[in-house]
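What you are looking at is a predicted structure, and each value in this text was computed from that prediction instead of being measured.
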Amino acid sequence: MIDFGFTVSPSSRINLDEVDKKSFVALSKIEPDVVKCMACGSCSASCTVSQFQPTSVRKAILSLQNGQISQAMDFLKHCMLCGKCTMVCPRGINTRHLIISIQKIYGK
C-alpha cells in the first residue's frame with residue numbers, strides 16, 4: 001500500500017432526524033432571539049476573545065440546533081460578556097442575554 005501522507009477521517013455528518021430538538025425548542029421559548037440568528041458571523045468577527053480562544057456565538061447556536069450541547073458550551077466558555085457582539089448584530093439580538101440563558105439552561 002502506498003502512503004500518500006494523508007488519512008481518511010470518519011464522517012462528522014449529523015443525522016438531523018435523530019437529534020433531540022426538545023432542548024433547543026425550550027431555549028427558543030425562553031430566548032426567542034435564538035431563532036432570529038442568520039449565522040452571519042458578525043459576532044465572531046468583533047469578538048476580542050475569539051482571536052485567542054475558539055469562541056463563537058454563531059457556532060454555539062448551530063451546535064445547539066444540531067444537538068451538540070457540549071460543543072456549544074465549549075464555544076461559549078471563554079466569553080467575557082463584554083457585549084461587542086450585541087452591538088454589531090444586524091438582527092439586534094441581545095447576545096449577552098442569550099449567552100447567559102444558554103449557560104443557565106445547559107449548565108456552565
Side-chain angles (χ1 to χ4, degrees):
M1 181 177 249
I2 300 173
D3 182 13
F4 291 104
F6 64 91
T7 60
V8 178
S9 299
S11 174
S12 60
R13 189 178 81 191
I14 299 169
N15 187 347
L16 293 176
D17 292 332
E18 296 176 1
V19 171
D20 183 17
K21 299 224 178 215
K22 292 177 187 174
S23 60
F24 186 78
V25 171
L27 173 64
S28 65
K29 288 180 182 176
I30 295 168
E31 194 62 53
D33 279 353
V34 74
V35 182
K36 292 183 354 183
C37 178
M38 62 182 179
C40 68
S42 295
C43 53
S44 300
S46 67
C47 182
T48 305
V49 176
S50 68
Q51 297 174 15
F52 308 104
Q53 297 291 333
T55 303
S56 174
V57 178
R58 173 183 66 89
K59 288 181 181 178
I61 291 171
L62 293 173
S63 295
L64 289 173
Q65 288 173 336
N66 292 332
Q68 299 170 318
I69 296 169
S70 63
Q71 184 178 359
M73 296 308 291
D74 286 343
F75 282 123
L76 299 177
K77 70 181 175 185
H78 297 290
C79 176
M80 298 185 306
L81 296 173
C82 67
K84 285 173 124 180
C85 51
T86 301
M87 291 188 287
V88 299
C89 180
R91 292 279 174 109
I93 298 171
N94 186 345
T95 53
R96 289 176 73 190
H97 192 267
L98 176 63
I99 292 167
I100 292 169
S101 296
I102 290 171
Q103 290 174 338
K104 281 182 184 175
I105 292 172
Y106 298 105
K108 203 172 188 180

**Prompt:** Any donor and acceptor pair, going by atom type alone, linking the side chain of D3 with main-chain N or O of G5 inside 3.5 Å?
**Reply:** yes
**Prompt:** What distance separates S101 OG from R96 CZ, expressed to the nearest 0.5 Å?
**Reply:** 12.5 Å
**Request:** State, with a plain yes or no, whether a side-chain heavy atom of F75 is found less than 4.5 Å away from one of V57.
**Result:** no
**Message:** Is there a side-chain contact between K22 and V25 in this structure, where contact means two heavy atoms from C-beta onward sitting under 4.5 Å apart?
**Reply:** no
**Point-to-point distance, once rounded to the nearest 0.5 Å, from SG of C43 to NZ of K59** = 10.5 Å
**Message:** How long is the straight-line distance from NZ of K21 back to CG of L64, given to the nearest 0.5 Å?
**Reply:** 11.0 Å
**Message:** Closer than 3.5 angstrom, by distance alone: can the side chain of T95 be matched with the main-chain N or O of L98 as a donor-acceptor pair?
**Reply:** no
**Message:** In the structure I gave you, are the side-chain heavy atoms of I93 and C37 within less than 4.5 Å of one another anywhere?
**Reply:** yes
**Message:** Using side-chain heavy atoms (C-beta onward) and a distance below 4.5 Å, is Q103 in contact with M73?
**Reply:** yes
**Asked** What heavy-atom pair brings E31 and H97 nearest, and what distance separates the two atoms?
**Response** OE1-ND1, 2.5 Å
**Message:** Do L62 and R58 make a side-chain contact, defined as non-hydrogen atoms from C-beta onward lying under 4.5 Å apart?
**Reply:** yes
**Item:** Verify same cluster id: M38, I99 (apolar side-chain graph, 4.5 Å)
**Value:** no
**Message:** Between S23 and I69, is there a side-chain heavy-atom distance shorter than 4.5 Å?
**Reply:** yes
**Message:** I'd like to check P90 versus C40 (side-chain heavy atoms, cut-off strictly below 4.5 Å). Are they in contact?
**Reply:** yes
**Request:** Quick one: pull up CD in Q65 and CG in L27 and give me the separation to the nearest 0.5 Å.
**Result:** 9.5 Å
**Prompt:** Okay, side chain of T86, backbone of N94: is any donor-acceptor separation there less than 3.5 Å?
**Reply:** no
**Request:** Over all heavy atoms of both residues, which pair between I61 and F24 is shortest? Give the atoms and the distance, please.
**Result:** O-CE1, 4.3 Å
**Taking every non-hydrogen atom, the tightest pair across M80 and V49** = CE-CG2, 3.5 Å
**Asked** Any side-chain donor-acceptor pair under 3.5 Å between S44 and S50?
**Response** no
**Request:** Using a 4.5 Å cut-off on heavy atoms from C-beta on, say whether the side chain of L76 contacts that of T55.
**Result:** no
